[in-house]
Amino acid sequence: MRSELFAEANQEAQSTDRWVKQSSKMLRVNVSNGGDVLAAKGAMVAYQGQIEFQHEGAGAARMLKKLVTGEGAPLMRMRGQGEVFLARDAANVFTVLLENEGLSVSGKNLLAFDPNLQWDITMLRSGNIMAGGLFNLELGGHGTVGVSCEGQPLLLDCSRQPTFVDPNAAVCWSSNLSPSVVSSMNMRSMLRGGTGEAFQLAFHGPGFVVVQPSEGRQQPSGSNGGGGGGGIGGLFE
């Protein structure tokens, strides 16, 4: 049998590393020998070997946040002997090695992370109730995080000047930054129909924010989402 499907570029990348980019769109994680991985539900596209998938509970403190905010963090624990392949909507994939550092990741861009990392749900500060609740996953410690990005990422240095990012385009940022939700709308603009860019995340301080050239896939009107859809809180729907 002959086909371009069998080209070497499409074959599984051979490596003993735990985290391997199978391609620019797919990430492979070795979960053998007790190397469990926490992943966003819906991120697994294939696996080889004997792998178990278990719902990962949020714990008492995070459960309280879920009850108060109506938001949750649907994660699954992958364990066993084998490899798991992760992807999201053919987006580019990247890994970030944290070395006793912190990273805040948009829910809709999170793929997976090492379970020894500390994690928590964080709510972004908003000066306008119309902005609604915006939630992220904050990770810290020593370990690897897998993230997705729709298109080529842009890294912005927030220490030089105030930086404003569409919430749906923000992939991740330094956890020492505390972005606030600001509005560029005024009454005159609202009366004239607005600009379509009502709210942004405002960053300023030593650190970075990664921006994707996409505002994410839009949910149909009236839909409550599923599978980590559009919006910065996609993971927590």
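Note that these values count all heavy atoms, side chains included, but never hydrogens, waters or copies made by symmetry. Model, not experiment: these values are computed from the prediction.
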Side-chain heavy atoms of [X] within contact of [Y], under 4.5 Å:
X: I51; Y: V84; answer: yes
X: F199; Y: V182; answer: no
X: V105; Y: F113; answer: no
X: R18; Y: D114; answer: yes
X: N109; Y: C172; answer: no
X: K41; Y: F53; answer: no
X: M26; Y: R28; answer: no
X: P162; Y: F203; answer: no

Checking side-chain contact (heavy atoms from CB on, under 4.5 Å) between E138 and each of L117, T122, I121, which is the one that passes?
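Per the side-chain contact (heavy atoms from CB on, under 4.5 Å) rule, the option paired with E138 is T122, out of L117, T122, I121.
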Could you tell me whether a side-chain N or O of [X] sits under 3.5 Å from a main-chain N or O of [Y], the two making a donor and an acceptor?
X: D166; Y: E215; value: no
X: R88; Y: G42; value: no
X: N30; Y: T16; value: no
X: D17; Y: W19; value: no
X: S159; Y: G207; value: no
X: K21; Y: V93; value: yes

Kindly compute the distance separating [atom1] ([X]) from [atom2] ([Y]), expressed to the nearest 0.5 Å.
X: T163; Y: H204; atom1: OG1; atom2: NE2; value: 7.5 Å
X: L98; Y: T144; atom1: CG; atom2: OG1; value: 7.5 Å
X: Q152; Y: N92; atom1: CD; atom2: CG; value: 6.5 Å
X: L111; Y: C149; atom1: CG; atom2: SG; value: 11.0 Å
X: L156; Y: F208; atom1: CG; atom2: CZ; value: 11.0 Å
X: R79; Y: N33; atom1: CZ; atom2: CG; value: 13.5 Å

Evaluate the salt bridge (charged side-chain N to carboxylate O under 4.0 Å, His left out) criterion for residues E56 and R77: first the C-alpha distance (whole Å), next the side-chain angles of each, then the deciding distance (0.1 Å), finally the verdict.
CA-CA 6 Å; E56 181 70 11; R77 180 177 290 267; 3.0 Å; yes
Linking I/L/V/M/F/W/Y whenever their side-chain heavy atoms sit closer than 4.5 Å, directly or via other members, would [X] and [Y] fall into one cluster?
X: L75; Y: L27; result: no
X: F94; Y: V37; result: no
X: V209; Y: L154; result: yes
X: V31; Y: L38; result: no
X: V171; Y: V145; result: yes

side-chain contact (heavy atoms from CB on, under 4.5 Å), that's the test. Do Q54 and M78 meet it? Break it down for me.
CA-CA 7 Å; Q54 302 174 346; M78 307 182 298; over 6 Å; no
I need the minimum non-hydrogen distance between [X] and [Y], along with the two atoms involved.
X: C158; Y: L177; answer: SG-CD1, 4.0 Å
X: E150; Y: P213; answer: O-CD, 3.1 Å
X: V165; Y: A169; answer: CG1-C, 4.3 Å
X: L201; Y: A170; answer: CD1-CB, 4.1 Å
X: G82; Y: S32; answer: N-OG, 3.0 Å

Evaluate the criterion side-chain hydrogen bond (donor to acceptor under 3.5 Å, both in side chains) for residue pair Q212 and N168; output intermediate values, then yes/no.
CA-CA 9 Å; Q212 64 184 13; N168 291 311; over 6 Å; no
Criterion side-chain contact (heavy atoms from CB on, under 4.5 Å) on N136 and W173, from CA distance to verdict
CA-CA 10 Å; N136 256 42; W173 58 82; 3.1 Å; yes
Please evaluate residues F85 and Q22 with respect to the criterion side-chain contact (heavy atoms from CB on, under 4.5 Å), reporting the C-alpha separation (whole Å), side-chain torsions for both, the decisive distance (0.1 Å), and the verdict.
CA-CA 8 Å; F85 298 84; Q22 174 63 36; 4.0 Å; yes
Take T95 and L97 through the test side-chain contact (heavy atoms from CB on, under 4.5 Å) and record every step on the way to the result.
CA-CA 7 Å; T95 58; L97 175 62; over 6 Å; no
Over 12 non-hydrogen atoms of neighbours within 6.0 angstrom of CD in Q11:
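More than 12 within 6.0 Å, yes.
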